[in-house]
Peer 1: 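Once you've had a glance at the structure underneath, I'll fire off some questions.
The chains referred to below are lettered A, B, ... by the order of the sequence lines, with proteins before strands, and numbering in each begins at 1.
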2 protein chains.
Amino acid sequence: MSSNPEGTEARPRRLRRQERREQILDAATRAFAKAGGFTPTNLDDVAAESGVTRMILYRHFDSKTDLYRAVLDRAALRLHAAATSGGELGDHSVAGMLRWASDDPDAFRLLFHHAAREADFRDDVDGVREAMVAALLPHMEKVAVSEQWAAWAANLATTTVIEAIMAWLDAGRPDEDEAVDRVLRAVDGIYQAVVPATP
Amino acid sequence: MSSNPEGTEARPRRLRRQERREQILDAATRAFAKAGGFTPTNLDDVAAESGVTRMILYRHFDSKTDLYRAVLDRAALRLHAAATSGGELGDHSVAGMLRWASDDPDAFRLLFHHAAREADFRDDVDGVREAMVAALLPHMEKVAVSEQWAAWAANLATTTVIEAIMAWLDAGRPDEDEAVDRVLRAVDGIYQAVVPATP
DNA sequence: TGATGAGTATATTCAGACGTATACTTAATG
DNA sequence: CATTAAGTATACGTCTGAATATACTCATCA
């Protein structure tokens, strides 16, 4: 059970398949985020960031598209897990999302600032988004003046959560707990925007 | 002064330089918006949309980049004009922006959903954005608990205006006048999110 | 110790798309 | 009518980057 007797292994060049795969996904997330999405990133960038030859990327993923999908799917899965760790989607999800965004800002940006705008990949992201919209819609329908405005509000509130977190990252991530509260208050503003009348 | 005596000219194939240039910019705006930004759009798409050969694009613009810049600059100029038609930037700007977005949704989407994420072109858009942020910042600083949160709020409010208008386009553009009011109320929610305390 | 498989190194193929060159057509205008 | 300039048609050069092929190195482990 001690196949690695050395005390401080410098950095093992040979990883087992699964480990290397994860490492590549980590590096690819950084590379894709830095360059700004699928097209502007080339496989040499990813290979360099992974500390590995371009060839080996093909031993783990069929194509650049396949790799990108794997990156996005893993990120979406993790975000979904973070948002539903306390049960269903709801107010508490904001805390989970914000914490996850803080842990992996590259993945967060990649999902919502790049993949969301890429025709071939938006579907890989929209699962999460649609779940958020669906969770918000009933609440909006309760207060909104019409179905049409309720749909508008549910979409905008979802976007607001995402962009509020993004802006928080950009602002230097002050006061994590307070941030959750402020994001929720911003969302509350969307509610106030679709109630029938303001006398 | 009557060089075109025909009653109903079908469609004049030869336009004067300036007219053709404008027509190409119109078509290019549609083509770039439809394909989703600079990279995924090729010049054949633009040529087809313009009803013109690819060759002639080069008689009006030095390069694809030059053409794209011209499209973005014109759009940004028009948006700025729409937002400041009533003087300085302020609450009334929302009405102007919303009307312009309604008139030219392709240009609006191109600016804020595509060019804003493209490394080589974001600067061509950020002029407008930065002006909005700058206009909002003093107001935020008056109410916000700290400088950092004021900056966060100014950025988020700007994004909210843009995304609220985008969501309004997606929702089928109901009630233009009401829409302006609702967008402003959503922005008001951002103010409420950064005031010092909520007893 | 010998087979396995992770990783390297280098060369090559292939496709898409920007950009250029060239020869031809035809409307507009003095 | 003759010149000019807008536009067409087609082919070509070139570069980037994805994907494949092949031969080699060397840990690891049964």
Peer 1: I'd like to know if A:Met97 and A:Val133 are part of one continuous hydrophobic network [Ile/Leu/Val/Met/Phe/Trp/Tyr, side-chain heavy atoms within less than 4.5 Å].
Peer 2: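 No, no single cluster joins them.
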Peer 1: Show me the pairs that pass side chain to side chain donor-acceptor pair (under 3.5 Å) and involve residues 132-146 of chain A, at least two apart or across chains.
Peer 2: none
Peer 1: Taking only residues two or more places apart in sequence, or in another chain, which ones meet A:Ala82 in a side chain to side chain contact (heavy atoms under 4.5 Å, CB included)?
Peer 2: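 Side chain to side chain contact (heavy atoms under 4.5 Å, CB included) check on A:Ala82 returns A:Trp100.
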Peer 1: How close do A:Ala76 and A:Asp124 get, heavy atom to heavy atom, and via which atoms?
Peer 2: CB-O, 4.2 Å
Peer 1: Under 4.0 Å, counting only non-hydrogen atoms across every strand here, what does A:Thr41 touch: a base, just sugar-phosphate, or nothing?
Peer 2: sugar-phosphate
Peer 1: For every nucleotide of nucleotides 8-16 of chain C, 5' to 3': is a protein heavy atom under 4.0 Å from its base (B), only from its sugar-phosphate (S), or from neither (-)?
Peer 2: BBB------
Peer 1: Just the rounded figure in Å: distance from P of C:dA17 to CG of B:Asp45.
Peer 2: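 In whole Å, C:dA17 P lies 8 Å from B:Asp45 CG.
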Peer 1: Inspect the contact between A:Asp177 and A:Arg99 and indicate whether a charged nitrogen and a carboxylate oxygen are less than 4.0 angstrom apart.
Peer 2: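 Result for this pair is no, no salt bridge flagged.
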Peer 1: Can you tell me how far C1' of D:dA5 sits from NE2 of B:His60, to the nearest Å?
Peer 2: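 From B:His60 NE2 to D:dA5 C1': 11 Å.
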Peer 1: Under a 4.0 Å N-O cut-off, is there an ion pair linking B:Arg109 with B:Asp170?
Peer 2: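 A salt bridge is present here (some side-chain N lies under 4.0 Å from a carboxylate O).
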Peer 1: Kindly state which residues belonging to residues 26-37 of chain A come within less than 4.0 angstrom of DNA chain C, counting heavy atoms of the residue only, listed by number.
Peer 2: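 The stretch gives none, as no residue of it lies under 4.0 Å from the strand.
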Peer 1: Rounded to the nearest angstrom, tell me the gap between atom CD1 in B:Ile24 and atom C1' in D:dA6.
Peer 2: 11 Å
Peer 1: In whole Å, I'd like the distance from the CG atom of B:Leu43 to the C1' atom of C:dC18.
Peer 2: 7 Å
Peer 1: Using whole Å, report how far CG of A:Leu57 lies from C1' of D:dG17.
Peer 2: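 Distance check: A:Leu57 CG to D:dG17 C1' gives 14 Å.
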Peer 1: Do any side-chain nitrogens or oxygens of B:Arg20 fall under 4.0 Å of OP1 or OP2 in D:dG7?
Peer 2: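 Answer yes for this pair, as a side-chain N or O of B:Arg20 is under 4.0 Å from OP1 or OP2.
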Peer 1: Before accepting this row, confirm whether a basic side-chain N of the pair A:Arg122/A:Glu118 lies closer than 4.0 Å to the acidic partner's carboxylate O.
Peer 2: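 Between A:Glu118 and A:Arg122 there is no salt bridge, as every charged N stays at least 4.0 Å from the carboxylate O atoms.
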Peer 1: Write down the distance between CD (B:Gln18) and P (D:dA5), rounded to a whole number of angstrom.
Peer 2: 16 Å
Peer 1: Would you mind reading off the distance between A:Asp44 atom CG and D:dA18 atom P, rounded to a whole angstrom?
Peer 2: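 Spelled out: CG on A:Asp44 to P on D:dA18 is 7 Å.
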Peer 1: Among pairs that include at least one residue of residues 71-98 of chain A, which meet side chain to side chain donor-acceptor pair (under 3.5 Å), considering only residues two or more places apart or in two chains?
Peer 2: A:Glu22-A:Arg74, A:Asp26-A:Arg74
Peer 1: Could you give all pairs that pass the side chain to side chain donor-acceptor pair (under 3.5 Å) test and reach residues 126-138 of chain B, with sequence neighbours left out?
Peer 2: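 As it turns out, the side chain to side chain donor-acceptor pair (under 3.5 Å) pairs with a partner in residues 126-138 of chain B, which skip direct neighbours, are B:Arg129-B:Asn155, B:Arg129-B:Thr159.
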Peer 1: What's the CG-P distance between B:Asp62 and C:dG19, to the nearest Å?
Peer 2: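 Spelled out: CG on B:Asp62 to P on C:dG19 is 10 Å.
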